[in-house]
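In what follows, every chain begins at residue 1, and chains take the letters A, B, ... in the order their sequences are listed. Please read these numbers as outputs of a predicted model, since none were measured by experiment.
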Amino acid sequence: MPYDYQPFPYTTPPGLTSPEPRHKAVIAGAGPIGLAMALELANYGVPSVVLDDNNVVSVGSRAICWSKRSLEILDRLGVGEKSVAKGVTWKVGRTYHRDAEVFNFDLQPEEGHKMPAFVNLQQYYVEEYLVEAAQANGLIDLRFKNKVTNIRQNEDCATIEIETPDGTYHLEADYLIACDGAKSPIREMIGLDFKGELFEERFLIADIEMQAEFPSERRFWFEPVFHPGQSALLHKQPDNIYRIDLQLGWDANPEEEKKPENVIPRIEKVVGHSKFKLDWVSVYTFQCRRLDSFVQGRVIFAGDSAHIVSPFGARGGNGGLQDVDALGWRLAAVLDGRSPPAILGDYDSERGHGADENILNSARATKFMTPADGIERLFRDQVLALAAKAPFARAWVNSGRLSVPCVYPGAGPDDPALPKVSRPGSVAPDAPLGNGWLIDRLGGEVMVLAFGCGVSDIGGATVIKPELTDLIRDRYLGDATAAVYLIRPDQVVAARWPYVDPAAITKAIARLWRQ
Amino acid sequence: MALIDTTNLADHDGFYAELLATHQGLSEMQSQALNAQLILILANHIGNRQVLSEALKLARQNIG
Ligand SMILES: Cc1cc2nc3c(=O)[nH]c(=O)nc-3n(C[C@H](O)[C@H](O)[C@H](O)COP(=O)(O)OP(=O)(O)OC[C@H]3O[C@@H](n4cnc5c(N)ncnc54)[C@H](O)[C@@H]3O)c2cc1C
């Protein structure tokens, strides 16, 4: 069944009749990132107004692959389990050269995590679930058909000009969070550079509906017989929808290529028959770009407005949700007066690091797929040839390195004797705990995890003492007999010690909040 | 077999990118020259005749 696009209701905003009191947070854009931002702030008790120029979810599927980390974040926002239930769970990717498999990966080789490595779920479903959750949340004022047309700011606040079907009005906000997408009008209004590169290549991206028994694995081909000389991707989504990406070459004419009479024969060659329906087709050229700084006074950028990547590696939407993760608790702390605005600089540097890593990985994959003539193509083709002869070359075959959260640099004290998976700067690894999961116990506030030792009350943190199972030992203790972990509100490990030192914990907590 | 034919290089994607970056701006002949020098440099560094013979054999397989 094709997705049924239901328009969301528009109601006349109060600001049209009389000035509204200053808001704490106004969010521009109700895409996945803006909606997640509103829900995250609400989790910290911060009310927000969300403005969107449109009144439907993402037209066309766009993002389909949601990472384990995104699912953990969505879970905190109340829509994680629903997304997993509806989505197609997968963890294995296979890459082929012509007919032969040359590389495969398993993204979650070990058990003991609440969330799977990845689910595929159309972006319109994720947005639909987030809109439902936002509408049910008393702290969120969601305003469709409210288009941001101009902004101004001074030291104190941002002023936002808004156009509605009933006329124009303005709002004042302590902070404006610009989640207005890759073309970000707000970025333009401020006149910020969006630096990076464009890949001179065109990709046909199509969603088709068909009954098929294809595995839920991600399958990618270099130079397949059904699409000579180019690359192709096939991936399953819910509702019998399949995503197909076909590389077309830079000379392809996007308008011509989008026509069903041209798309259908190409897809017939991929799937081997004509028993499918076209659901959505688009032709893309991909870019990797980012803002120098995501914090511009009273305006904060998150998601595609701050950074864009080519989709091989699924690092766009997933990267944006990690922005929300790193920003929510800090912005709430600034608005509550707990932390100075300087703490927003930590958001900027951490997510700048994340964006660089995502750009690096997606740019490398895109280059491997679209090598320039000459030496780049020579090496690419010879990696593929060598992969058939020697196992080591397979690791170089690059059809996308899938999104994993980066490890934030500059985190607090560490002890290298403890396991690498849980080093400071990483997301606290999940493990089964009692009848539930460790990850469900973490987040929302600062926590101290005491493994194999006791920690008495620490000001500004909740202490928990998880039971020592084998998986918990593997992920948090290694060969140590005891350890103390400090966990941030976004479930990231802030610091750890193989002994109890209350003064060091207190100091690390103050550092987190920049107090 | 003395030649390691399984993954043995950390940050292999980073190496690949650096390799291509090293070739940037070179003509085809210059790139060939760079590749030739690189092979000789690495051969000397490896310093094991048997490994090098096996590597040559592997590279030659299915070519020409
Ligand atoms: C083909 C394709 C495949 C992809 N696959 C994946 C994937 O598998 N996994 C993944 O994680 N990511 C993927 N992505 C990337 C993902 O779609 C984006 O990263 C994601 O949509 C970013 O969300 P966002 O909320 O920042 O921006 P958007 O989704 O673009 O939302 C921006 C919102 O702002 C609104 N807006 C714009 N201007 C204004 C204004 N002036 N006033 C008010 N509102 C405004 C827009 O209407 C829109 O609702 C893919 C992208 C493409 C194109």
Side-chain angles (χ1 to χ4, degrees), chain A residues 95 97-98 100 102-106 197 199 222 288 309-310 312-313 315 356-404 406-407 420, chain B:
Chain A
T95 304
H97 182 215
R98 305 212 169 89
V102 288
F103 179 64
N104 65 55
F105 56 81
D106 181 343
E197 62 180 323
F199 299 96
F222 289 101
C288 283
V309 290
S310 107
F312 301 100
R315 288 166 180 268
D356 287 344
E357 193 171 300
N358 289 334
I359 287 172
L360 192 69
N361 278 287
S362 81
R364 284 176 182 169
T366 311
K367 259 207 186 112
F368 194 84
M369 260 168 244
T370 64
D373 284 340
I375 197 76
E376 273 189 24
R377 173 161 286 278
L378 178 72
F379 271 104
R380 199 295 292 268
D381 289 350
Q382 296 319 312
V383 164
L384 290 170
L386 197 50
K389 304 195 273 189
F392 80 87
R394 295 178 185 169
W396 267 314
V397 174
N398 192 345
S399 72
R401 307 287 184 224
L402 278 118
S403 175
V404 282
C406 66
V407 177
K420 200 173 167 211
Chain B
M1 195 158 110
L3 177 73
I4 301 168
D5 69 351
T6 51
T7 307
N8 186 40
L9 183 65
D11 185 30
H12 51 266
D13 284 348
F15 169 72
Y16 190 81
E18 192 177 341
L19 174 63
L20 295 186
T22 308
H23 279 276
Q24 202 146 50
L26 300 185
S27 69
E28 207 181 318
M29 280 306 291
Q30 288 168 326
S31 267
Q32 279 210 40
L34 191 148
N35 282 338
Q37 289 202 16
L38 186 61
I39 291 164
L40 298 173
I41 292 166
L42 294 175
N44 178 62
H45 184 86
I46 289 161
N48 180 326
R49 276 298 282 112
Q50 195 199 335
V51 167
L52 294 170
S53 293
E54 285 177 27
L56 289 169
K57 231 178 267 149
L58 177 63
R60 181 63 201 257
Q61 228 180 72
N62 307 333
I63 294 186

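- Listed by sequence position, A/R364, A/F368 are the residues of residues 361-370 of chain A in contact with chain B, using a 4.5 angstrom heavy-atom cutoff.
- Rounded to the nearest 0.5 Å, atoms CZ (B/R60) and NZ (A/K389) are 10.0 Å apart.
- The part of A/R401 that comes within reach of chain B is its side chain, from C-beta onward, which places non-hydrogen atoms under 4.5 angstrom from that chain.
- Under the 4.5 Å side-chain criterion, counting only non-hydrogen atoms from C-beta, B/N35 is in contact with A/I375.
- Looking at heavy atoms from C-beta onward, A/V383 lies in side-chain contact with B/Y16 at the 4.5 angstrom threshold.
- The local environment of CD1 in B/I4 is sparse, with at most 12 non-hydrogen atoms from other residues, nucleotides or ligands closer than 6.0 Å.
- Distance check: A/R394 CZ to B/T7 OG1 gives 9.5 Å after rounding to the nearest 0.5 Å.
- With a 4.5 Å cut-off on non-hydrogen atoms, B/E28 does not touch chain A at all.
- Per-residue counts of heavy-atom pairs under 4.5 Å with chain A were compared for B/L19, B/L9, B/L26; the largest is that of B/L19.
- Contact annotation for B/L58: both backbone and side-chain heavy atoms come within less than 4.5 Å of a heavy atom of chain A.
- Contact count against chain A (heavy-atom pairs under 4.5 Å) is highest for B/D13 among B/I63, B/D13, B/L20, B/T6.
- Between B/F15 and A/W396, the ring planes are tilted. Angles from 30° to 60° get that label.
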